[in-house]
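Read the structure below first, then the notes.
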Protein chains: 2
Amino acid sequence: MMKVTVNDIARVAKVSQSTVSRVLNNYPQVKQETRKKVLEAIEELKFSPDFVARSMVTNKTNTLGLIVGDISNPFFAESAKIMISRAQEMGYDVIISNTNHIDSNMDHAVQTLLSKRVDGIIISSASRGSNKVKELHDAGFAVILHNSSVEDASSNYVVLDNKKGAIMAMDHLVHLGHEKIAFISGPSKYLNVYQRYAGYQEALEKHGLPFRKTFVYEGEFSYDAVYWFVQRMLEEKERPTAIFATSDQMALAVMDAAAGKGLKIPEDLSVVGFDDMTISSNHYIGLTTISQHKEKMALLALEHLISMVEKKGESADSIHMTLEPELMIRKTTGPPKKIT
Amino acid sequence: MMKVTVNDIARVAKVSQSTVSRVLNNYPQVKQETRKKVLEAIEELKFSPDFVARSMVTNKTNTLGLIVGDISNPFFAESAKIMISRAQEMGYDVIISNTNHIDSNMDHAVQTLLSKRVDGIIISSASRGSNKVKELHDAGFAVILHNSSVEDASSNYVVLDNKKGAIMAMDHLVHLGHEKIAFISGPSKYLNVYQRYAGYQEALEKHGLPFRKTFVYEGEFSYDAVYWFVQRMLEEKERPTAIFATSDQMALAVMDAAAGKGLKIPEDLSVVGFDDMTISSNHYIGLTTISQHKEKMALLALEHLISMVEKKGESADSIHMTLEPELMIRKTTGPPKKIT
DNA sequence: ATTTAGAATGAAAACGTATTCACTATATTT
DNA sequence: AAATATAGTGAATACGTTTTCATTCTAAAT
């Protein structure tokens, strides 16, 4: 089953291959009559153009890269769905790279995406000190940071005001009467979690509450690790009455651990998350959380990337967007029970 | 910033372009000395080979396509993560196409994947009557069906014994004492949901229970649609005491609706799902469900696809694997309350 | 009838690599 | 020392398009 090429149609349509190319690309200056012949030949031989060959010469692949720490985290999966769908509508495909939150994987992913000549890259989980990101940006490559940005201010990004979000969450807990509030962090190499942590601390200070090292988990995004950490923390006599987690995924681990200890939420323990994954709004879960407006964020990142790609060269004004967080109060937070 | 090509290194290393290519591809018959020169030049100019150009001639892109109905469904996201990670380890990238469960999107996705010359395609949500799938297979293209297969028996697939799984779920409920069991289906154009439906019916019959049309939801995979359907169903006086849903995602909608109605699970209503997404095992949710062994299934599909791709031509024995389901009993099922 | 402008087409080059084929240097055998 | 085999290298071609440039055709203008 030989591949049908543009030459084959040229032959059966009795025109040159350039002409075939012209009708493929909808050039105006081809006569109706010959256009018809070509189209018929295409139909007859079931020809469809080879994108690889086309990319060779146009220097465009119509393929984007999406680098993500963990596609199985619903926040990323939901964001990815939005981006992919929109990208497809706009004529692009997307290669997803999953880094498992390992920096070297990300560098490697970038390298192979470049080798495959993707037109642009969205990075959803960039480490804040990443050199690769700066390199890409400095080289004039179309790249946009989504969800988490880097310290070097020059790169393009669409993120949330994470610190503000964290403060909103904390304010909510404090106003309910909580004074012992734990924080479940993630790897602070990510600027977004770093900023949330900063928000946590700032809020404590603002409300005159002491910072306790034992009340914070700082480590991998590991369900199990968080689960065990929380279980242990809840066994202490000086246990927190509320826990603020840096992601909904982690918040679920917290709730899981609390359930394992026989604690009722929110009576015995208040929990607030961050992300607002779809499932969090389920009545059965009803997680109080900070909404990232994931649809908007994903769409903005994607569409800006594509516009960067398409007007390569012209007005390359940089994209610096930070969205407003929103507190979603649901059923996992309430006033603390007076512990005697 | 001009692109560095193989010719550039040939020039600085003072060898021919072919020789450079040879060291790139680790050909044995190149002298240590010249190999060293080339490697140094590569290092110096920071050259990295262009995969597009390479694909042109090798006819291999080291890129796979993954077509999925909805990447935001955790079952698919988790499967995708497994496949992507393993693929990357094996030197492949993956383009994800999201069809939103629309058949024409899938046909279109296949077409563009072919145009981009992916080496193989995994289809996670194939409609059971899909012609495209058969076409692909007949054309000798490397394609494997994952999760849901097609009626035409010739295609390669790795799936679950869905009917058996459904029967296991039903048996569990019946043994607990349930007699009024509703079924939340999805679009029956998917063979896997079709088979689960068949299992539901067969189990009813086996246990001498009547089939009631009003007890089955048959429609889109829509959280909201299921939510409202269940709410309404629970208002009837002849309401079911248990609901079996064709996916965990739908089961969550069921639980959501039940919670909305103030019903306790499992006291007032038992719920069984299907898939065993990670989150289902959360103590706070504790969804009784049928495990699909998603890791095994995903890995098998991916690895078989790659082996098909790599030994193109040789022993193309077909892959027909159906895995055994497993009942995961957790906290959402229990004996029915005697309703008087 | 002749020139001229523009429309329509074809020939050829280019994109960056792998690979075949021919050739040269080196080592082995006689 | 000659003949032969083999290791190492280079020149040229192919992959399937788009695009530039030159050319032919057509119709309008003189």
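Each chain gets a letter, A, B and so on, in the order its sequence line appears, and its residues count up from 1.
For A/Glu43, the CD atom sits in a loose shell: 12 or fewer heavy atoms of surrounding residues, nucleotides or ligands are nearer than 6.0 Å.
Nearer the 5' end of DNA chain D, as judged by each residue's closest nucleotide, is the contact made by B/Ser16, out of B/Ser16 and A/Pro49.
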After noting the C-alpha distance and the side-chain angles of A/Asn7 and A/Val20, does the key distance pass the side chain to side chain contact (heavy atoms under 4.5 Å, CB included) rule?
CA-CA 8 Å; A/Asn7 287 292; A/Val20 177; over 6 Å; no
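Summarising the geometry, the separation between NZ on A/Lys60 and P on D/dT17 is reported as 18 Å, rounded to the nearest angstrom. For the pair A/Glu33 CD and C/dA7 P, the interatomic distance rounds to 18 Å; values are reported in whole Å. In this entry the distance linking CG of A/Asp8 with C1' of D/dT17 reads 13 Å, nearest Å. The nearest whole Å value for the distance from the CG atom in B/Leu114 to the C1' atom in D/dG16 is 16 Å. What separates CD of B/Gln17 from P of D/dA11 is a distance of 10 Å, to the nearest Å. Between the NZ atom of B/Lys116 and the C1' atom of D/dG16 there is a distance of 16 Å, given to the nearest Å. Separating the CD atom of A/Gln29 from the C1' atom of D/dT23 is a distance of 15 Å, rounded to the nearest angstrom. Counting to the nearest Å, the P atom of D/dT9 and the CZ atom of B/Arg11 are 20 Å from each other.
A donor atom on one side chain and an acceptor atom on the other are found under 3.5 Å apart for A/Asn100 and A/Asn98. No hydrogens or angles considered: nothing links the side chains of B/Thr99 and B/Asn105 as a donor-acceptor pair under 3.5 Å.
Note: B/His146 and B/Phe75 have parallel aromatic rings, judged against thresholds of 30 and 60 degrees for the angle between ring planes. Ring-plane geometry between B/Tyr157 and B/His320 is classed as parallel, the angle between the planes falling under 30 degrees on a 0 to 90 degree scale with a further cut at 60.
OP1 or OP2 of C/dT19 lies within a sub-4.0 Å distance of a side-chain N or O belonging to B/Tyr27. At C/dG10, one or more side-chain N or O atoms of A/Thr19 fall inside 4.0 Å of OP1 or OP2 (strictly under the cut-off).
You'll find that the side chain of B/Asn25 is closest to C/dA18, out of C/dA18, C/dT9, D/dG16. The nucleotide whose nearest atom lies closest to any side-chain atom of B/Met56 is, among D/dC15, D/dT17, C/dT9, D/dC15. The side chain of A/Val57 has D/dG16 as its nearest neighbour among D/dG10, D/dG16, C/dT17. Of the candidates D/dT17, D/dT9, C/dT17, D/dT9 carries the atom nearest the B/Thr34 side chain, counting heavy atoms from C-beta on. In this structure, the nucleotide among C/dA18, D/dT17, C/dG16 sitting nearest to the side chain of B/Arg54 is C/dA18. Comparing D/dG10, D/dG8, D/dT17 by their nearest atom to the side chain of A/Phe47 picks out D/dT17.
Among the atoms of the strands shown, only primed sugar atoms or phosphate atoms (P, OP1, OP2) are found under 4.0 Å from some heavy atom of B/Arg117. Residue B/Thr58 is classed as a sugar-phosphate contact, given heavy-atom separations below 4.0 Å to backbone atoms only. Heavy atoms of B/Ser18 sit under 4.0 angstrom from at least one base atom. B/Val15 comes within contact range of the sugar-phosphate backbone alone, with a heavy-atom separation under 4.0 Å but no base atom that close. Nucleic acid contact for A/Ser21: base, since at least one base atom lies under 4.0 Å from a heavy atom of the residue.
Under 3.5 Å, the side chain of B/Arg22 and the base of D/dG10 form at least one donor-acceptor pair of N or O atoms.
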